[in-house]
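One structure is given here, and the rest of the page talks about it.
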Amino acid sequence: MTHNIIENQNGTTSIIIDFIAEGVDLQCETSVKGDAAAAEQYLPFFEADMRKNFADRWPEPEPITPEGGIE
Amino acid sequence: MTLKELKEMTELKIPQVYDAAKDAYEVIQGRNGAARVEVSDPDGDPLDVLTITEFIAKVDITLSALRDAIRGTSSKTLTDLATALASIVTNTANIKIEAESVDLNMDGVEALLADILAKIIAAPSTEAKQDTIIGHVDGLEAAVDKVNVKDLVAVAPAVGVKTITATAAEIFAGASVKDSRRMMKIRNEDPVLRLRVGPSSVTQQNGYPIEPGGTLEILFDPNAQVAIYGISEGAAMSAAIVEV
């Protein structure tokens, strides 16, 4: 995931995150009240929300098969 | 040569006519090579035939009677007739004058109507009032359209959860604010904490509160972008969002 934080003129800061690096075509954008520090503080919550809301876009994890196979 | 002698000599068939009164046939008579003809009515009764002289005398009597009938009495003269005609001419003239008077009155009515029309056109307040009324009607129509459209879902709604923290952040359901958003409903899913919503200046004190388990529906003008921010009164909490 990559992100970009842009401070706006109206006392808000925009947060743009992109999941293309993970092979998922998903770009998200929001804004928070305050400066870049406030945006950095909110970023983990925003990222988690997007992963939860668009979970269907990520490939299913490979099932872990125990060594020796299943009896 | 008599007829009898002619018959005997030539043995000609002579044209005859039956006389019912005598119950006998008689030879048709005539002169100058033409048979004599008697004019009768449909019942067989002979009609009177006038001579030219008798006919002229009857026409003269009839014309004299007609002349007297036109005059009224035989004492009327052509002068009397001229006087009567003059009276008719005068009455005709009076009728014409009255008709012209009606025309003049109509001209007055037309002038009055033209004056009223000019005042209506020249009165800007009247036109302004009409424009105002038209504006109100347009506004009402637009409002009705919005009310109708609000209940119609043209595209799939966006749904999602949003973590609300002590940092005021924009609230929406998808990856960003839905284009042409008409409605957004926010449900506070925290069992304890209250969240507040408002513009970017929202704080934990001035925001509109949504109690635990409570919901708030906000309608939007789809042609305007309006950001709604949310802030938690305490720790991070979860809210369910739907946008139409």
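This is a predicted model, so every value here is computed, not measured. In what follows, every chain begins at residue 1, and chains take the letters A, B, ... in the order their sequences are listed.
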Any donor-acceptor pair under 3.5 Å linking the side-chain atoms of B:Tyr229 with those of A:Ser31?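 Checked: A:Ser31/B:Tyr229 side chains pair up, N/O donor to acceptor below 3.5 Å.
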To the closest 0.5 Å, what do you measure between [atom1] ([X]) and [atom2] ([Y])?
X        : Y        : atom1 : atom2 : answer
B:Thr163 : A:Phe46  : OG1   : CZ    : 10.5 Å
A:Thr30  : B:Glu170 : OG1   : CD    : 5.0 Å
B:Thr167 : A:Leu43  : OG1   : CG    : 11.5 Å
B:Ser176 : A:Ile15  : OG    : CD1   : 13.5 Å

Give a yes or no on whether [X] atom [atom1] has more than 12 heavy-atom contacts from other residues, nucleotides or ligands under 6.0 Å away.
X        : atom1 : answer
A:Glu7   : CD    : yes
A:Asn4   : CG    : yes
A:Phe54  : CZ    : yes
B:Glu211 : CD    : yes

Main-chain N/O of B:Val159 paired to A:Asn53 side chain as donor or acceptor, under 3.5 Å: no
Given a strict heavy-atom distance threshold of 4.5 Å, which part of B:Ala173 is in contact with chain A: side chain, backbone, both, or neither?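 Contact with chain A is through the backbone of B:Ala173 alone.
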Side chain from CB out, backbone as N, CA, C, O: work out which of these in B:Ser201 comes under 4.5 Å of a heavy atom of chain A, or both, or neither. backbone
Counting only heavy atoms closer than 4.5 Å, note whether A:Leu26 contacts chain B via side chain, backbone, both or neither.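 Contact with chain B is through the side chain of A:Leu26 alone.
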Against chain B, label A:Thr12 side chain, backbone, both or neither, depending on which of its atoms sit under 4.5 Å from a heavy atom there. side chain
If every non-hydrogen atom of B:Ala175 is compared with every non-hydrogen atom of A:Gln27, which pair is closest and at what distance?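 Minimum heavy-atom contact is CB-O, 3.5 Å.
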All heavy atoms of A:Glu29 vs all of B:Phe172, minimum pair found to be O-CZ, 3.2 Å
